[in-house]
K.L.:
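Let me begin by handing over the structure; questions about it come next.
Sequence lines set the chain letters: A, B, ... in the order given, protein chains first and strands last, and positions in each chain run from 1. None of the values given here were measured: they were computed from a predicted structure.
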Protein chains: 2
Amino acid sequence: MKAPPFKGLWYFKTAAELGSFKQAAEALFVTQAAVSQQIRILEQQLGCTLFERQTRKVNLTQQGQDLLPYLHKAFGQVEMGLSMLKSDPNPNTISLSVLPSFATCWLLPRLTSFNKALPSYQLRIDPTEQLADFNHEDIDIGIRFGLGDYQGLKSELIAKDELVIAYRPGLIDPRKPLRAQLSKLNFIYDEGRDNELAWQALSSQLDLEGHTLSNLKIDNAALVQQATVAGQGFSLLRKRMVEQSLEMGQLEIYPDFAWLCEYGYHLVAPENHFEWAKFKAFRDWIVAELNGIEAC
Amino acid sequence: MKAPPFKGLWYFKTAAELGSFKQAAEALFVTQAAVSQQIRILEQQLGCTLFERQTRKVNLTQQGQDLLPYLHKAFGQVEMGLSMLKSDPNPNTISLSVLPSFATCWLLPRLTSFNKALPSYQLRIDPTEQLADFNHEDIDIGIRFGLGDYQGLKSELIAKDELVIAYRPGLIDPRKPLRAQLSKLNFIYDEGRDNELAWQALSSQLDLEGHTLSNLKIDNAALVQQATVAGQGFSLLRKRMVEQSLEMGQLEIYPDFAWLCEYGYHLVAPENHFEWAKFKAFRDWIVAELNGIEAC
DNA sequence: TTTCATAGTTAAGTTTTAATTAAGTGAAAA
DNA sequence: TTTTCACTTAATTAAAACTTAACTATGAAA
């Protein structure tokens with residue numbers, strides 16, 4: 001089926017409402033010759049005149065007046081449909097998709113802060129390794145640690161982080177040199193570019209070439225942390241993730257070493273989510289919260 | 001205000017209804033690459049995915065499903081508006097705009113035939129010298145004698161005519177030569193290209209150079225005929241217009257002279273009127289009626 | 001009355017948009 | 001395994017839309 005001449009009809013509607021081709025042209029950000037032409041073409045296609053041309057003014061013909069209300073309804077429907085697409089279906093619930101490690105190490109300890117800052121929103125947390133599919137799962141915002149290239153989605157960097165040497169208090173003496181102490185201990189690690197780079201930096205700095213990487217490999221940052229807390233050895237952990245454990249005295253970090261990660265924390269979502277009120281509110285809260293920690 | 005991406009939305013609606021880009025492309029008379037592109041661009045503009053692409057098939061996402069009903073309504077409204085424009089507001093009345101001479105000499109005598117042929121239509125006759133303005137007057141069809149160039153309107157030639165020498169019976173003897181008889185009589189005429197050309201042809205044929213044109217000039221074909229019936233002289237009249245007077249014995253025409261007019265009888269109206277049922281019915285009737293006379 | 005300013009028309013030339021064409025992808029069917 | 005089919009993508013070509021500029025008609029101002 002052939003498409004109706006939408007562009008001409010849109011120009012017609014604008015001109016009809018404003019009662020002037022010139023004003024319509026301004027409203028449409030085109031020259032008035034363009035409006036004149038479009039409406040002429042439209043009239044040809046419809047086989048009837050919509051405007052009666054007088055010098056310096058145009059008036060709707062009967063047919064033009066008859067047509068207008070239909071277009072009003074039609075364009076109104078389109079507008080409603082499009083604005084519906086952009087609008088937030090659950091304005092009072094914030095559904096997050098986050099890594100389990102981030103959820104347990106960072107987010108959960110701060111729930112009281114969240115409830116204090118944004119009491120009108122209900123928070124729903126979906127801890128998954130893989131970023132949720134925004135088309136099928138009802139997720140508002142993803143929080144991911146990475147480079148920010150999530151295809152088809154918009155992302156915004158909210159914080160960087162750095163890897164530090166973490167261990168159970170007493171396992172390492174922070175006042176004595178590292179090298180000798182480390183060689184006796186397991187290195188607990190998970191795979192990942194930052195972890196690897198930081199290890200290289202550390203080992204070249206301390207001349208630890210002999211220390212093999214394969215001592216204790218765990219494929220999950222939260223478990224690495226757990227093993228470290230349990231005193232299984234030392235590890236490279238993200239500072240923001242151990243913050244809680246430090247406060248509770250479960251972990252200690254060795255001074256004078258920090259590896260700035262290439263990766264960063266990102267808010268990830270379809271572009272239109274960034275316009276939602278609850279999105280902006282959440283962003284403000286989490287950014288403030290992250291900066292608060294930075295100040296420590 | 002910027003226009004919504006109507007073309008993309010139209011393609012989307014088609015594809016969504018058919019559940020396939022390929023079928024949509026066929027329905028839209030374009031290649032399927034065009035559909036794919038348009039929908040990709042639309043999705044970019046809306047900032048959300050409308051279709052979920054699987055190999056060899058596409059499915060609507062939730063958002064696509066949500067959008068569709070709005071577009072249905074919208075496009076339905078447009079269609080209704082446009083079809084309303086084309087439709088006949090008074091399907092049972094035929095309003096004609098005709099020359100007064102044509103009305104009296106040709107149309108009125110045939111009203112009984114009209115009523116017999118088309119009993120369900122009511123005929124309204126508007127006899128005016130100037131063709132009606134279809135935008136303001138409620139006229140369905142114009143019948144005009146001319147070349148068919150009526151600007152902004154469509155016209156259709158329905159009959160030609162020829163000029164004949166007419167006079168009151170007895171005024172001229174058809175068995176005797178014309179030349180001697182004419183020179184004693186007034187030439188009654190109105191201005192008009194055909195009349196002039198026919199007179200030139202007649203006078204050169206009969207060598208009547210001396211007979212001046214200015215004997216009795218009347219600016220209305222019906223009045224010329226009336227004066228001729230009254231025996232004021234002879235005239236050049238259109239054969240179809242005198243048909244009635246011949247039957248009633250009011251006029252007679254001289255054999256062996258006929259000047260085929262450049263002008264012809266046209267149905268004139270805005271293009272869309274030609275599609276109306278009543279238009280077609282009227283055309284059929286008048287064409288048959290004109291041909292019936294031709295057969296005489 | 002003449003001149004000016006305004007809102008519109010039209011035609012020519014340019015830019016933008018949308019189409020086709022052709023090559024590429026990946027899962028299902030043969 | 002190879003072929004086929006629906007869709008994607010990129011490059012090119014065709015078509016539509018826009019701008020510019022010259023023109024028209026008329027109401028208002030000089």
Side-chain angles (χ1 to χ4, degrees), chain A residues 1-61 64 75 133 135 149 151-153, chain B residues 1-61 63-64 75 78 133 135 149 151-153:
Chain A
M1 192 159 52
K2 237 185 106 268
F6 289 117
K7 180 155 266 167
L9 292 171
W10 180 259
Y11 279 30
F12 163 72
K13 174 221 148 205
T14 308
E17 282 172 352
L18 298 174
S20 145
F21 286 12
K22 187 173 200 288
Q23 282 176 256
E26 276 165 31
L28 296 163
F29 306 107
V30 294
T31 58
Q32 155 267 43
V35 175
S36 178
Q37 283 178 96
Q38 279 299 320
I39 291 179
R40 175 160 47 86
I41 292 166
L42 177 66
E43 287 178 324
Q44 268 178 337
Q45 288 170 332
L46 301 184
C48 68
T49 61
L50 265 12
F51 283 103
E52 186 175 75
R53 274 78 163 176
Q54 289 167 21
T55 322
R56 302 172 76 169
K57 81 174 199 222
V58 289
N59 288 104
L60 281 175
T61 61
F75 294 146
D133 177 350
N135 283 325
D149 50 344
Q151 78 134 321
L153 299 169
Chain B
M1 194 158 52
K2 239 186 108 265
F6 289 117
K7 180 156 267 167
L9 292 170
W10 181 258
Y11 279 31
F12 164 73
K13 175 221 146 205
T14 310
E17 282 172 352
L18 298 175
S20 144
F21 286 11
K22 187 173 201 285
Q23 282 176 257
E26 275 166 31
L28 295 163
F29 306 106
V30 294
T31 58
Q32 147 270 48
V35 176
S36 177
Q37 280 181 98
Q38 281 298 321
I39 291 179
R40 174 159 47 90
I41 292 165
L42 176 66
E43 288 179 323
Q44 268 177 332
Q45 288 171 331
L46 301 185
C48 67
T49 61
L50 265 12
F51 283 103
E52 184 176 77
R53 273 79 162 177
Q54 289 166 18
T55 321
R56 302 173 80 167
K57 82 172 198 227
V58 290
N59 288 105
L60 281 175
T61 60
Q63 293 177 310
F75 294 145
V78 171
D133 176 351
N135 283 323
D149 51 345
Q151 79 132 323
L153 300 169

K.L.:
Please enumerate all protein N or O atoms sitting under 3.5 Å from an N or O of nucleotides 17-21 of chain C, with distances to 0.1 Å.
P.N.:
| from | atom 1 | to | atom 2 | distance (Å) |
| --- | --- | --- | --- | --- |
| dA19(C) | OP1 | Y11(B) | OH | 2.6 |
| dA19(C) | OP2 | Q38(B) | NE2 | 3.4 |
| dT20(C) | OP2 | T31(B) | N | 2.6 |
| dT20(C) | OP2 | T31(B) | OG1 | 2.6 |
| dT20(C) | O4 | Q37(B) | NE2 | 3.2 |

K.L.:
Write down the distance between CD1 (I39(A)) and C1' (dA17(D)), rounded to a whole number of angstrom.
P.N.:
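Result: 14 Å.
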
K.L.:
Roughly how many Å is it from CD in E43(B) to C1' in dC7(D), rounded to a whole number?
P.N.:
13 Å

K.L.:
Going by atom type alone, with no hydrogens or angles, which donor-acceptor pairs under 3.5 Å involve a side-chain atom of residues 16-36 of chain B and a protein atom two or more places apart or on another chain?
P.N.:
| from | atom 1 | to | atom 2 | distance (Å) |
| --- | --- | --- | --- | --- |
| E17(B) | OE2 | H72(B) | NE2 | 2.5 |
| S20(B) | OG | K22(B) | N | 3.1 |
| S20(B) | OG | Q23(B) | N | 2.9 |

K.L.:
On a heavy-atom basis, which atom in R53(B) and which in V58(B) lie closest, and how many Å separate them?
P.N.:
CG-CG1, 4.1 Å

K.L.:
Starting at atom CZ of R40(A), determine the distance to atom P of dG8(C), rounded to an integer number of angstrom.
P.N.:
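Atom-to-atom, R40(A) to dG8(C), this comes out as 14 Å.
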
K.L.:
Distances under 3.5 Å between protein N/O atoms and the N/O atoms of nucleotides 28-30 of chain D, please, pair by pair.
P.N.:
none

K.L.:
Examine F6(B) together with F75(B) and report whether their ring centres are nearer than 6.0 Å.
P.N.:
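Ring centroids of F6(B) and F75(B) are no less than 6.0 Å from each other.
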
K.L.:
Check the distance between dT6(C)'s C1' and K22(A)'s NZ and give it to me in whole angstrom.
P.N.:
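In whole Å, dT6(C) C1' and K22(A) NZ are 8 Å from each other.
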
K.L.:
Can you confirm whether T61(A) sits close enough to F51(A) that some side-chain heavy atom of one is under 4.5 Å from a side-chain heavy atom of the other?
P.N.:
no

K.L.:
Which whole-number value in Å describes the distance from N59(A) CG to dG8(C) P?
P.N.:
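My rounded result for the distance is 10 Å.
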
K.L.:
Report yes if the side chains of M1(B) and T14(A) come closer than 4.5 Å at any heavy-atom pair, otherwise no.
P.N.:
no

K.L.:
Any cation-pi pair here, K7(A) with W10(A), using under 6.0 Å and within 45°?
P.N.:
no

K.L.:
State the CD1-OG1 distance between I39(A) and T49(A), to the nearest 0.5 angstrom.
P.N.:
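Spacing of CD1 (I39(A)) from OG1 (T49(A)) equals 12.0 Å.
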
K.L.:
Please state how far atom CG in L18(B) lies from atom P in dA6(D), giving the value in whole angstrom units.
P.N.:
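Atom CG in L18(B) sits about 14 Å away from atom P in dA6(D).
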
K.L.:
How long is the line joining CD of Q23(A) and P of dA7(C), in whole Å?
P.N.:
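Distance check: Q23(A) CD to dA7(C) P gives 8 Å.
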
K.L.:
Can you sort out which residues in residues 45-55 of chain A have a heavy atom within less than 4.0 Å of DNA chain D? Ascending by number, please.
P.N.:
T55(A)

K.L.:
Spell out, as yes or no, whether a donor-acceptor pair under 3.5 Å connects the side chain of E43(A) to the backbone of L50(A).
P.N.:
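Looks like yes, one N/O pair under 3.5 Å.
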
K.L.:
Could you report the tightest heavy-atom contact between G8(B) and L42(B), atom names first, then the distance?
P.N.:
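Minimum heavy-atom separation between G8(B) and L42(B): O-CD2, 3.6 Å.
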
K.L.:
Quick one: list whatever passes salt bridge (charged side-chain N to carboxylate O under 4.0 Å, His left out) with R56(A), sequence neighbours left out.
P.N.:
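For R56(A), no residue satisfies salt bridge (charged side-chain N to carboxylate O under 4.0 Å, His left out) once neighbours in sequence are set aside.
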
K.L.:
How would you list, by chain and number, every residue that makes a ring-ring contact (aromatic ring centres under 6.0 Å, His included) with Y11(A), sequence neighbours excluded?
P.N.:
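By the ring-ring contact (aromatic ring centres under 6.0 Å, His included) rule, Y11(A) matches no residue at all.
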
K.L.:
What is the distance from CZ of F21(A) to C1' of dT9(C), rounded to the nearest Å?
P.N.:
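To the nearest whole Å, that distance equals 10 Å.
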
